[in-house]
Amino acid sequence: MTTSSSERGVSLGMPELPAPAYPDDVRARLETDAREIVARYPDSRSALLPLLHLVQSEEGHVTRTGMQFCADVLGLTTAEVTAVATFYTMYRRGPSGDYQVGVCTNTLCAVMGGDAIFESLQEHLGVGNGGTTEDGKVTLEHIECNAACDFAPVVMVNWEFFDNQTPASAKALVDDLRAGRPVTPTRGAPLCTFKETARILAGFPDERDGAVAAGGSAGPASLAGLKLAKGEASAARVVHPRDGGPHDVGGDVHDPSPTEHLSSHDAPQDTSASDPAHPAGPTAEEGE
C-alpha cells in the first residue's frame, strides 16, 4: 500500500509567491533612509546589517518584504540577504513584543540565579523561550551572554542593562513594562521600544532628550581593573592565606612578598610529595 504526498506531510504545491511590496509612501521613506545608510560605505553590500535594522524598525521584525527591499537596494539576491538575516539572532524572524526581555543563562549568570529568573518569568508570563505575551508587550528569550558578568545575574530589555536581578525583581520589571509604567535601566540610556532601538542600531541619531548623555553603560565593577591599571585606585590589601590576616611586625603591617602566596587559591595543597602523612594514589594493588 502506498501513501500520498499529502498523507506524508509533503507539499507539492506552487512555490511561495514573491513578498508583497511596501506601500508606496513607506517605500519612499525607507529608500530615503537607505540612501543615507549606503552612502556611509565604500562597498554598498557592507550596508546590509544596518539596512536589516532599518526594516526591522518598520515592522518590529525582519519580514520577507523587508528582505526583498534590502536585496533591491543593494543589488543582492534574496538568498544572500536571508543568509545574513537568519545568522544573527538580533534580527527577529517573526512578530515580537515592544520589549525584548533577554535573560542571561550563560555560566556565571546561571549559577548566580539566571536559570531561576528565566524559569520564573516563563511561568509568570505564560510563554516559552522566544514567546510573546498576548498583549504584544513582552518577548522573552534566554541569551548566552550579556557581557556583564560582574553584575550577574543580568537581564536586558531592548539591549539596556538591568543588573543584579532576582526572580522577584524580574517579575516586577515585566509587570511594569506590560502596564506601561516607567522603567529605568540600571545604567545606560533610557528605555525605548524595540522598533525605536532598531532604528538607532541602523545608525540614526537618538533624538530623545538626555538619551545620548546617559548612554555610558560601564559600571564601577567593570572599570575597577582599568582604574587599577592606570594607577587611579589603590590595590586591595591581600592577606596571607595561612593566618587570615596581615603580619604585625613591630607595629607595621607586613605585606606579603612576591615569593609568598598572595591568594588562598594559590596556596599549596597537601599531596604525597609535600606531606607524607597524607599520601595520594591508590591504597591497594589492582585486583586486591
Side-chain angles (χ1 to χ4, degrees), residues 5-6 8-102 127-144 156-160 189 191-208 211:
S5 60
S6 60
R8 294 194 302 269
V10 178
S11 174
L12 298 178
M14 295 294 291
E16 190 174 32
L17 294 174
Y22 283 123
D24 290 343
D25 60 328
V26 174
R27 186 176 181 91
R29 173 166 47 79
L30 290 176
E31 285 178 341
T32 299
D33 290 337
R35 284 193 293 271
E36 181 177 338
I37 292 173
V38 173
R40 303 171 190 159
Y41 301 92
D43 186 343
S44 64
R45 68 182 299 145
S46 299
L48 179 54
L49 294 181
L51 278 181
L52 285 169
H53 282 300
L54 175 66
V55 297
Q56 185 159 251
S57 73
E58 185 64 31
E59 299 176 85
H61 66 289
V62 177
T63 63
R64 292 175 57 236
T65 299
M67 288 190 284
Q68 183 65 64
F69 173 82
C70 293
D72 293 343
V73 169
L74 299 177
L76 302 174
T77 65
T78 54
E80 289 174 308
V81 175
T82 302
V84 174
T86 56
F87 180 82
Y88 294 103
T89 57
M90 59 191 176
Y91 300 122
R92 310 304 182 192
R93 296 302 310 283
S96 56
D98 293 333
Y99 300 100
Q100 306 284 320
V101 177
V127 299
N129 182 42
T132 301
T133 55
E134 292 182 357
D135 57 11
K137 293 292 185 180
V138 170
T139 295
L140 177 67
E141 64 175 347
H142 75 81
I143 296 177
E144 282 302 310
M156 294 193 86
V157 180
N158 296 347
W159 312 120
E160 299 296 346
L191 201 61
C192 60
T193 67
F194 184 64
K195 289 183 180 180
E196 292 171 322
T197 301
R199 183 169 177 82
I200 295 169
L201 291 175
F204 292 97
D206 188 343
E207 298 177 349
R208 297 173 297 154

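Only a predicted model underlies this, so the values are computations on that prediction, with no experimental measurement involved.
- Residues satisfying the side-chain contact (heavy atoms from CB on, under 4.5 Å) criterion with Ala71, sequence neighbours excluded, are Gln68, Thr78, Val81.
- Looking only at side-chain heavy atoms (C-beta outward), Gln100 and Thr197 stay at 4.5 Å or farther from each other.
- Ring geometry for Tyr91 versus His53: interplanar angle of 30 to 60°, hence tilted.
- Among residues two or more places apart in sequence or in another chain, the side-chain contact (heavy atoms from CB on, under 4.5 Å) test is passed with Thr193 by Tyr99, Lys195, Glu196.
- Across all non-hydrogen atoms, the minimal contact from Leu51 to Ala34 is CD2-CB, 3.6 Å.
- The two residues Ser46 and Tyr41 have their closest heavy-atom pair at CB-CD2, 3.7 Å.
- Within 6.0 Å of CZ in Arg64 there are more than 12 heavy atoms belonging to other residues, nucleotides or ligands.
- Checked by atom type and distance alone, the side chain of Gln56 pairs as donor or acceptor with a backbone atom of Met90 at under 3.5 Å.
- Looking at Glu31 and Phe69, their side chains come closer than 4.5 Å, going by heavy atoms from C-beta outward.
- For the atom pair Arg29 CZ and Asp25 CG, the distance stands at 7.0 Å (nearest 0.5 Å).
- Expressed to the nearest 0.5 Å, how far CG of Leu30 lies from CD of Glu58 amounts to 5.0 Å.
- Looking at residues two or more places apart in sequence or on another chain, you find a side chain to side chain donor-acceptor pair (under 3.5 Å) between Thr63 and Glu59.
- Rounded to the nearest 0.5 Å, atoms OG (Ser96) and CD (Glu141) are 9.0 Å apart.
- Here the shortest heavy-atom pairing between Met67 and Ala85 reads SD-CB, 3.8 Å.
- Counting heavy atoms from C-beta outward, Trp159 and Leu201 have side chains that approach closer than 4.5 Å.
- Geometrically, Arg27 does not engage Tyr22 in a cation-pi contact defined by less than 6.0 Å to the ring centre and at most 45° from the axis.
- With respect to Arg45 and Asp43, no salt bridge is recorded, no charged nitrogen being found less than 4.0 Å from a carboxylate O.
- Between Arg92 and Val62 the shortest side-chain heavy-atom distance does not fall below 4.5 Å.
- Distance alone, capped at 3.5 Å, places no donor-acceptor pair between the Asp98 side chain and the Gly60 backbone.
- Side-chain contact between Cys70 and Leu76: absent, with no pair of heavy atoms (C-beta onward) separated by less than 4.5 Å.
- For Asp135, the CG atom counts as densely surrounded, since its 6.0 Å shell holds more than 12 non-hydrogen atoms of other residues, nucleotides or ligands.
- Looking at heavy atoms from C-beta onward, Arg93 lies in side-chain contact with Thr86 at the 4.5 angstrom threshold.
- Here the closest heavy-atom approach between residue Val157 and residue Leu191 is recorded as O-CD1, 3.3 Å.
- The two residues Ile37 and Ala47 have their closest heavy-atom pair at CG2-CB, 3.9 Å.
- In this structure a side-chain-to-backbone donor-acceptor pair under 3.5 Å is present from Arg40 to Gly203.
- Nearest heavy atom pair, residue Thr65 against residue Ala19, reads N-CB, 3.7 Å.
- Side-chain atoms of Asp206 never come within 3.5 Å of backbone atoms of Ile200 as a donor-acceptor pair (strictly under, hydrogens ignored).
- The CD atom of Glu80 sits 10.0 Å away from atom CG of Leu74, with the distance rounded to the nearest 0.5 Å.
- The shortest side-chain heavy-atom distance between Leu49 and Val84 falls under the 4.5 Å cut-off.
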